[in-house]
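Written below as structure tokens is the structure these notes are about.
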There are 2 protein chains.
Amino acid sequence: MKPSPKKQAGLNFPRPLVTVDVVIFTVLEDALKVMLVRRPSNPDDPFPGRWALPGGFIDVDRDASLLDCALRKLREKTGVAAPYLEQLGSWGGAHRDPRGWSATHAFFALMPARDLVPDQGVNAAQVEWMDAAAAGRKRLAFDHAEILASAIARLRSKVEYTSLPAFLLNEPFTLPQLQHTYEVVLGRAVDKSAFRKRMLDGGFMEEAGMVEGASGRPAMGYRLRDRSQAALFPRTFSPRDAEA
Amino acid sequence: MKPSPKKQAGLNFPRPLVTVDVVIFTVLEDALKVMLVRRPSNPDDPFPGRWALPGGFIDVDRDASLLDCALRKLREKTGVAAPYLEQLGSWGGAHRDPRGWSATHAFFALMPARDLVPDQGVNAAQVEWMDAAAAGRKRLAFDHAEILASAIARLRSKVEYTSLPAFLLNEPFTLPQLQHTYEVVLGRAVDKSAFRKRMLDGGFMEEAGMVEGASGRPAMGYRLRDRSQAALFPRTFSPRDAEA
DNA sequence: TAAATAGTGTCTTTCAGACAATATCTC
DNA sequence: GAGATATTGTCTGAAAGACACTATTTA
């Protein structure tokens, strides 16, 4: 290794571009949806007119941290202040953005569809909830297709052993509603009895009064004890299938 | 939202500093060790003389990607070309580096102690394998104590349900050696019979001839089928304890 | 043969999954 | 009561943990 006197001298070496992108999931009309925004059509911008994940550059004056920046992007696009939010990973390299070496910090958010504020000042035509499966097949801007694929894989994987789907529902929610959300995300049916045992034994919910449906017997409503983190189950759903 | 014409104009807004840090683990002398390096003692540098994680600025001319940069840091400090390496997360904010808004991409590496090349041109006195528990109690530079704590938590957690400890051993390794490595990382004993069943059923190893120890019966040696990723087990070790 | 270590067998408990049965609501 | 949905109960099979037993080496 040779010494690099430039660093000591004053940080006057080129810096990458730094962005934050957020993969925002919700369940709407019995399907897993992801939020996409359209890139500006100005041909000087990279990927004009393409669909992309919501995100953008760090603003070193306004954002105190990466998490703050992600929360700001979320607020700007959805009006939601504090959904479930975790880090997904970072993607960086010389060629992912034609404007130069860039690195993005990707986050992963879950929110109930009904928390959404329809128009937050952003042009509504530029924002869309797209089916996750359909979005995964689209040619998105930058390396966003790869980031989205990673987010979907992470979600599917964690749904097998965590209470994450509870963050996709408004409170109070019922166990049948929660089960349905699991089934939508997993793409397969799960056993009712085993499901209820698992959720109730998990101890992450508390009762919140009866909730009446359109017909049939009313169900107990529940709310999360802690909306900041998910519960972990000691096993995944149906390990038998998982090995196949 | 107000428009920000600066972005369209030409990216002439301040950019954060971007670094990559690597938490490198090994098992040495029956203990989990982590590599730390000493910060330069020059008082113009941040945190002079403090212990820190190996890492440094992205070099936009040499590093094609974040992963490349992490591999370069690894090579420079350890001489090892391709250990187990995964992303841990990113930490960024206005105050973690006194020189300005900075973001670091943290990685997480596992390697066998015997792969290490003693001196790679770096001043050996500035590099040390420290007990993970002891390092976790030290006041490290930047927010490296937080990053290290996160890495240790991630390692402990994943050891419960993955084959990660196999990456801490030289090949061929025996099942008793592997079990011992699990026990060192987990900090508790595991049952021999259940352990062997789990590892052999996992199907991630292949036989590599008998290995003789100092005394006693020789054991079958194994090597990994795929050194690029760990195997996942359907359950964690002893879920009974995990709930307590 | 004793000591040391590797490897196997067996019993028990736990718990998820399957699925049937029962409960509570509306019309 | 019929239909719809929620909730509970019972049986079974798979797999992990506990722990004793057997096997193979060196001294």
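Per chain, numbering begins at 1; letters A, B, ... match sequence-line order.
- For B:Tyr222 and C:dA6, the OH to P distance is 12 Å, given to the nearest whole Å.
- Residue B:Glu171 forms a salt bridge (Lys or Arg N to Asp or Glu O under 4.0 Å) with just one option from B:Arg223, B:Arg225, B:Arg227, and that option is B:Arg227.
- What separates CG of A:Asp201 from C1' of D:dT7 is a distance of 15 Å, to the nearest Å.
- In this structure, A:Tyr182 places its OH atom 12 Å from P of C:dG17, rounding to the nearest Å.
- A:Phe195 places its CZ atom 15 Å from the P atom of C:dA18, with the value rounded to the nearest Å.
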Any chance you could list the contact pattern along nucleotides 22-27 of chain C? Use B for base contacts, S for sugar-phosphate-only contacts and - for none, protein heavy atoms under 4.0 Å, 5' to 3'. -BBB--
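- Looking only at distances, no side-chain donor or acceptor of A:Asp143 sits under 3.5 Å from a matching main-chain atom of A:Glu146.
- The only member of A:Arg188, A:Arg235, A:Arg154 that meets salt bridge (Lys or Arg N to Asp or Glu O under 4.0 Å) when paired with A:Glu160 is A:Arg188.
- Atom CZ of B:Arg235 and atom P of D:dA14 are 12 Å apart (whole Å).
- Spacing between atom CE of B:Met220 and atom C1' of D:dT25 amounts to 15 Å, rounded to whole angstrom units.
- A straight line from NZ of A:Lys192 to C1' of D:dT5 spans 8 Å, rounded to a whole angstrom.
- In this structure, CD of B:Gln177 is placed 13 Å from P of C:dT5, rounded to the nearest angstrom.
- The side chain of A:Ser193 lies closest to D:dG9 when the candidates are D:dT7, D:dG9, D:dA15.
- With hydrogens and angles disregarded, no donor-acceptor distance shorter than 3.5 Å links the side chain of A:His144 to the backbone of A:Ala52.
- Judged by distance alone, the side chain of B:Thr104 and the main-chain N or O of B:Ala106 form no donor-acceptor pair under 3.5 Å.
- For A:Thr26 (side chain) and A:Met111 (main-chain N/O), a donor-acceptor pair under 3.5 Å exists by modelled atom type.
- Considering only the side chain of B:Asp191, D:dA18 comes nearest among D:dA18, C:dA6, D:dT7.
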